[in-house]
Amino acid sequence: MKRMQRSHDWIVGYACSFALAGAWGLGCANSGLTEGLACESSADCFSGQECIEGVCGGPMGSDSGDGDGDGDSGDGDGDGDGDGGSRSVVIYTGVESGGALTADSLKSAFEADGHDVALLASVSGDDLAAVDTLLFLNPLTAVDSVTVTASSSFLSGGGRVVVLTDECKTNCISAPAEVTSLLSAIGSGMFVSGEGGGEGESDVAIVPYAPFTDGVTSLLMTDTGSVVLGAGAIALGFVEETGARTPPASNVVFGLEFVGDGELLVLTDVDLFVDVSVSVDNAALLANLP
């Protein structure tokens, strides 16, 4: 199993032009990104950030090769793994998934970016031995026990697990109890809910945290539920109009949790990726998932 190199150094020196403005009264011109938010202490920042020299910031990827802070270790591909090549991805297909996004369309998108992708109906430890990322696409029923056991070991051992779900308000096809059961079984403190999030179209503010949100400035999501963060999880995206500025973050729709040596990403809207040609932000987020 490959392990993504990452550093927990903190970003400093963000410009105020990227701060959240508007209702929070910071007086900056741009209301998109949260990096650069003025602060007096870390309590003024979003979950997973610290107040450094009066500015909120989050950790970047490792940067041992080129010194530009983008987390690519000098290999030029920007995925933070330092190997300069493709990543190996498994998409679990053992149970029915809800929503318009399909495993085949995800496979095609990842392969177009140069990644190796396998669709597997059951996943064992051997299947994951040389894999970087395991993805679950909005499972509607319980994931089989062999896959759950292998996923837990894979995650704690340094792999990346991505769970895409579709918790929402109306006309959604989702199973929050099943997804939450999966998250708990693989060691996460996060759970998903149809509550929270936003009704109708909602602007989603992005917390800069390389490499997961590289190239993503904001998202537009529709009828989202929420990711309820555990004690160690981090908000990467939340409904801007109603989300809380200070921890514990609220109305989160995109969460990150480090479990053991691995990384767990949970996103509550699969429709974002049905047609990424309509949004450079959606395309960038999809490219970051593997």
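Everything numeric in this text was worked out from a predicted model, so none of it was measured.
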Undergrad: If we ignore hydrogens and angles and just use 3.5 Å, is the side chain of S88 paired with the main-chain N or O of V131 as donor and acceptor?
TA: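 A pair under 3.5 Å: no.
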Undergrad: Give, for atom CD1 of I186 and atom OG of S151, the distance between the pair rounded to the nearest 0.5 Å.
TA: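 Taking CD1 in I186 and OG in S151, the distance rounds to 6.0 Å.
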Undergrad: Walk me through it: do S184 and S181 pass the test side-chain hydrogen bond (donor to acceptor under 3.5 Å, both in side chains)?
TA: CA-CA 5 Å; S184 176; S181 178; over 6 Å; no
Undergrad: Are the side chains of V123 and V146 in touch, meaning some heavy atoms are under 4.5 Å apart?
TA: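 Not touching, per the 4.5 Å side-chain cut-off.
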Undergrad: For residues G187 and E257, report the shortest heavy-atom separation together with the two atoms involved.
TA: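 The answer is O-OE2, 4.4 Å.
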Undergrad: Can S152 and T149 be counted as having a side-chain donor-acceptor contact under 3.5 angstrom?
TA: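 Looking only at side-chain atoms, T149 and S152 do not form any donor-acceptor pair under 3.5 Å.
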Undergrad: Checking the side chain of E178 only, and the main-chain atoms of V143 only, is there a donor and an acceptor separated by less than 3.5 Å?
TA: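 Side chain of E178 to backbone of V143: no pair is present.
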Undergrad: Could you go through V162 and R160, starting from their C-alpha distance and side-chain angles, then the distance that decides it, and tell me whether this counts as side-chain contact (heavy atoms from CB on, under 4.5 Å)?
TA: CA-CA 7 Å; V162 178; R160 178 181 297 178; 4.2 Å; yes
Undergrad: Under 3.5 Å, side-chain donor or acceptor atoms of residues 90-98 against the rest of the protein: list the pairs with distances, not counting sequence neighbours.
TA:
| from | atom 1 | to | atom 2 | distance (Å) |
| --- | --- | --- | --- | --- |
| Y92 | OH | D144 | OD1 | 3.0 |
| T93 | OG1 | L120 | O | 3.3 |

Undergrad: After noting the C-alpha distance and the side-chain angles of D166 and T268, does the key distance pass the side-chain contact (heavy atoms from CB on, under 4.5 Å) rule?
TA: CA-CA 5 Å; D166 198 29; T268 64; over 6 Å; no
Undergrad: Let me confirm one number: the CG-OG1 distance from L182 to T165, rounded to the nearest 0.5 Å.
TA: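 If we round to the nearest 0.5 Å, L182:CG and T165:OG1 are 10.0 Å apart.
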Undergrad: At their closest point, which heavy atom of V266 faces which heavy atom of M190, and how far apart are they?
TA: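 So the two residues come closest at CG2-CE, 3.5 Å.
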Undergrad: To the nearest 0.5 Å, tell me how far L164 CG sits from L272 CG.
TA: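 Reported value, rounded in 0.5 Å steps: 9.5 Å.
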Undergrad: Report the distance from atom CG of L286 to atom CG of D113, rounding to the nearest 0.5 Å.
TA: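 Between atom CG of L286 and atom CG of D113 there are 7.0 Å.
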Undergrad: At their closest point, which heavy atom of S122 faces which heavy atom of D127, and how far apart are they?
TA: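 Result for this residue pair: O-OD2, 3.6 Å.
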Undergrad: Report the C-alpha distance between L265 and L236 in whole Å, list the side-chain angles of each, state the deciding distance to 0.1 Å, and finish with yes or no for side-chain contact (heavy atoms from CB on, under 4.5 Å).
TA: CA-CA 9 Å; L265 297 169; L236 296 186; 3.9 Å; yes
Undergrad: Keeping S156 on the side-chain end and G260 on the backbone end, is there a donor-acceptor pair under 3.5 Å?
TA: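 Absent.
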Undergrad: Find out whether L289 and T133 are in side-chain contact, i.e. whether some heavy atom of one side chain is under 4.5 Å from a heavy atom of the other.
TA: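 The answer is no, as the side chains (C-beta and beyond) never meet within the 4.5 Å cut-off.
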Undergrad: When you measure from the side chain of D269 to the backbone N and O of D271, does any donor-acceptor pair fall under 3.5 Å?
TA: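 Such a contact is found between D269 side chain and D271 backbone.
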Undergrad: Roughly how far, to the nearest 0.5 Å, is the CD atom of E263 from the CZ atom of F212?
TA: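 One gets 4.0 Å once the value is rounded to the nearest 0.5 Å.
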Undergrad: So which pairs with a foot in residues 260-288 pass ring-ring contact (aromatic ring centres under 6.0 Å, His included), sequence neighbours left out?
TA: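 Residue pairs passing ring-ring contact (aromatic ring centres under 6.0 Å, His included), neighbours aside: none found.
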Undergrad: Side chains of S277 and D275 only: does a donor on one sit below 3.5 Å from an acceptor on the other?
TA: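 Checked: S277/D275 side chains pair up, N/O donor to acceptor below 3.5 Å.
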Undergrad: So, taking the atom named CZ in F254 and the one named CG in L219, what distance separates them when rounded to the nearest 0.5 Å?
TA: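 Going from the CZ atom of F254 to the CG atom of L219 covers 8.5 Å.
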Undergrad: Could you tell me whether the side chain of L135 reaches within less than 4.5 Å of the side chain of L137, counting heavy atoms only?
TA: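 In contact.
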Undergrad: Mind checking whether T147 and F136 have side chains closer than 4.5 Å, heavy atoms only?
TA: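 A side-chain contact exists here, since the closest heavy-atom pair is under 4.5 Å.
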Undergrad: Going through the distances and angles, do D281 and T217 end up as a side-chain hydrogen bond (donor to acceptor under 3.5 Å, both in side chains)?
TA: CA-CA 7 Å; D281 290 285; T217 58; 3.0 Å; yes
Undergrad: Give the ring-plane orientation class for F258 versus Y209, where under 30° counts as parallel, over 60° as perpendicular and anything between as tilted.
TA: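 The arrangement is tilted - the two ring planes meet at 30° to 60°.
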